[in-house]
**Student:** 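Input: one structure, supplied below.
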Amino acid sequence: MSSVKVECVVKESCEVGEGPVWEESDQSLLFVDITKKKIHRWNSAANSIRSMDTGDMVGCVLPRRSGGYVAGVGRHFVAVDWLAQSVMSSLAEVDQDKPTNRFNDGKVDPVGRLFAGTMATETSPAVLEKNQGSLFSLTSDLKVVKHFDQVSISNGLDWSPDHTTFYYIDSLRFSVDAFHYDIHTGTISERRVVYKLQEDEGIPDGMSVDVKGNLWVACYNGGRVLNIDPNTGVRLSTVLLPVTKTTSCCFGGASYSDLYVTSASLGLTAAEKGQQPQAGCVFKVTGLGVNGFPPNSFAG
Ligand code: BGC
Ligand code: CA
């Protein structure tokens with residue numbers, strides 16, 4: 001393997017930096033700070049950042065074909081008008097029977113459906129009432145589909161390059177799971193475990209699939225990204241980062257050969273913050289020798 005380099009590129013310190021998405025059109029990285037209720041957009045060429053407030057916790061933000069973004073804010077799928085710097089309108093509401101739930105990670109499938117899951121309110125990071133969340137999708141006609149419930153912390157999700165497999169993480173199961181995916185109907189079935197985390201690897205969080213079909217899984221409290229072959233369940237390599245609360249990753253940059261990794265600082269003691277001054281920043285990993293896919297845009 002070529003030589004792997006890890007660089008801190010976005011020095012904006014997030015409480016819970018999450019959900020990175022590369023926007024090729026102007027070489028920017030879109031991501032959220034969940035607890036600070038902010039969407040950030042970092043322009044890599046200018047090294048400048050623009051941010052907006054979402055008014056409630058924001059779990060994910062994704063590009064939308066008709067312009068602007070869609071985001072999971074509180075328990076709502078919302079349309080975001082980035083140019084006007086305002087959350088425009090709610091597209092749909094979920095978990096009406098669980099008013100203290102909120103959206104967490106989300107991603108758009110290869111035909112434009114937005115998948116995102118929910119979780120209960122945490123009393124401190126990763127401490128919460130279990131099994132309160134569900135996984136939903138929003139179709140282009142703005143209908144909500146509930147795929148399953150009993151989720152504790154709905155996290156990383158992505159699809160195999162041939163679109164027949166959906167990968168999913170419920171963090172508190174400490175595993176990466178796979179489902180059969182029917183791209184025509186947007187339905188999932190036949191859940192199975194493809195990788196069980198070892199204790200020192202942390203809590204599985206956000207993930208991204210590369211063009212070979214291997215997974216890159218950011219591990220909260222593990223300070224690392226695991227590269228996993230989901231077909232064999234073998235961990236191929238580990239990328240270590242200089243912060244412990246690594247939260248998510250996506251490919252970006254020229255031909256999607258760089259891996260961008262977000263991180264959190266919330267929950268660290270003052271001493272831990274002293275030891276890892278870059279906690280909450282975004283990192284760029286180069287030299288991995290793999291490429292990722294461009295992000296999909298919501299079709300609605
Ligand atoms: C959630 C955090 C949680 C973390 C660790 C993140 O995706 O948004 O609230 O503490 O995962 O599981
Ligand atoms: Ca996450």
Side-chain angles (χ1 to χ4, degrees), residues 13-21 29-40 54 56-62 71-75 94-95 98 100-108 114-136 151-158 167-177 196-197 199-209 215-226 241 243-250 259-269 272 279-283 295:
S13 179
C14 290
E15 280 184 5
V16 185
E18 275 279 2
V21 179
L29 189 78
L30 189 65
F31 59 103
V32 298
D33 186 337
I34 297 180
T35 50
K36 276 199 195 158
K37 307 173 182 173
K38 278 182 192 299
I39 296 172
H40 295 298
T54 51
D56 202 347
M57 288 204 206
V58 52
C60 52
V61 61
L62 290 312
V73 177
R75 289 181 298 101
V94 301
D95 283 347
K98 295 203 164 87
T100 55
N101 272 14
R102 67 156 168 96
F103 269 119
N104 201 37
D105 208 350
K107 203 166 270 178
V108 177
L114 171 59
F115 276 67
T118 56
M119 59 189 275
T121 301
E122 294 169 298
T123 50
S124 63
V127 179
L128 76 178
E129 193 185 342
K130 290 185 179 175
N131 300 323
Q132 299 305 302
S134 294
L135 179 72
F136 298 96
V151 178
S152 293
I153 300 184
S154 189
N155 253 318
L157 55 177
D158 212 342
Y167 297 107
Y168 179 73
I169 290 169
D170 177 348
S171 295
L172 297 189
R173 288 192 183 208
F174 293 91
S175 64
V176 181
D177 296 351
K196 192 92 192 147
L197 272 84
E199 215 161 294
D200 65 336
E201 290 177 328
I203 304 176
D205 200 332
M207 76 170 138
S208 200
V209 167
L215 314 179
W216 296 81
V217 180
C219 300
Y220 184 90
N221 286 349
R224 67 190 68 195
V225 176
L226 304 177
L241 287 103
V243 294
T244 54
K245 293 185 182 293
T246 32
T247 53
S248 190
C249 58
C250 78
L259 189 71
Y260 284 94
V261 184
T262 51
S263 70
S265 58
L266 188 73
L268 293 174
T269 63
E272 286 167 335
C281 297
V282 181
F283 300 84

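Just the heavy atoms: all of them, side chains too, but no hydrogens, waters or symmetry mates, feed the values below. One-based numbering, in listed order, for ligands and for the atoms of each.
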**Student:** For E201 and E199, indicate whether the former's side chain and the latter's backbone hold a donor-acceptor pair under 3.5 Å.
**Tutor:** no
**Student:** For ligand 1, does K245 get within less than 4.0 Å through its side chain, its backbone, both, or neither, judged by non-hydrogen atoms?
**Tutor:**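 None of K245 does.
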**Student:** Parallel, tilted or perpendicular: which describes the rings of F103 and F136, with under 30° parallel and over 60° perpendicular?
**Tutor:** perpendicular
**Student:** Closest non-hydrogen protein atom to atom 3 (C) of ligand 1, residue and atom name please, with distance?
**Tutor:** E122 OE2, 3.1 Å
**Student:** Do you see a donor-acceptor pair shorter than 3.5 Å between the side chains of T262 and T247?
**Tutor:** yes
**Student:** Check each atom of ligand 1 against the heavy atoms of I34 and keep those under 4.0 Å away; list them by number with element.
**Tutor:** 8 (O)
**Student:** Any idea which atoms of ligand 1 are less than 4.0 Å away from a heavy-atom of N155?
**Tutor:** 6 (C), 7 (O), 11 (O)
**Student:** Among all protein heavy atoms, pick the one closest to atom 8 (O) of ligand 1 and tell me residue, atom and distance.
**Tutor:** N104 OD1, 2.6 Å
**Student:** So which heavy atom on G19 is nearest to which on S248, and how close?
**Tutor:**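 Shortest heavy-atom separation between G19 and S248 comes out as N-CB, 3.9 Å.
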**Student:** Give a yes or no answer on whether the side chain of S263 reaches the backbone of K245 with a donor-acceptor pair at less than 3.5 Å.
**Tutor:**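 Checked: no pair found.
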**Student:** Tell me whether the Ca ion (ligand 2) has E18 as a neighbour, meaning an N, O or S atom of it below 3.0 Å.
**Tutor:**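 Yes, within the cut-off.
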**Student:** Which pair of heavy atoms, one from V151 and one from T118, lies closest together, and at what distance?
**Tutor:** CG1-O, 4.3 Å
**Student:** Show me which atoms of ligand 1 lie under 4.0 Å from any heavy atom of D205.
**Tutor:** 4 (C), 6 (C), 7 (O), 11 (O)
**Student:** Does an N or O from I153, backbone or side chain, lie closer than 3.5 Å to an N or O of ligand 1?
**Tutor:** no
**Student:** List ligand 1 atoms under 4.0 Å from E18, heavy atoms only on the residue side.
**Tutor:** 6 (C), 7 (O)
**Student:** Please work out the angle at the Ca ion (ligand 2) defined by atom OD1 of N155 on one side and atom OD1 of D205 on the other, rounded to 10°.
**Tutor:**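 With the Ca ion (ligand 2) as the vertex, the angle is close to 80°.
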**Student:** With a heavy-atom distance limit of 4.0 Å, tell me whether L172 approaches ligand 1 through its side chain, its backbone, both, or neither.
**Tutor:**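 None of L172 does.
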**Student:** Looking only at heavy atoms, what is the nearest atom pair of Q132 and K98, with distance?
**Tutor:**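 The answer is OE1-CE, 2.9 Å.
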**Student:** Is ligand 1 less than 4.0 angstrom away from at least one heavy atom of R102?
**Tutor:**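 Within the 4.0 Å threshold, so yes.
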**Student:** If every non-hydrogen atom of S154 is compared with every non-hydrogen atom of S134, which pair is closest and at what distance?
**Tutor:**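 Heavy-atom minimum between the residues: OG-O, 4.4 Å.
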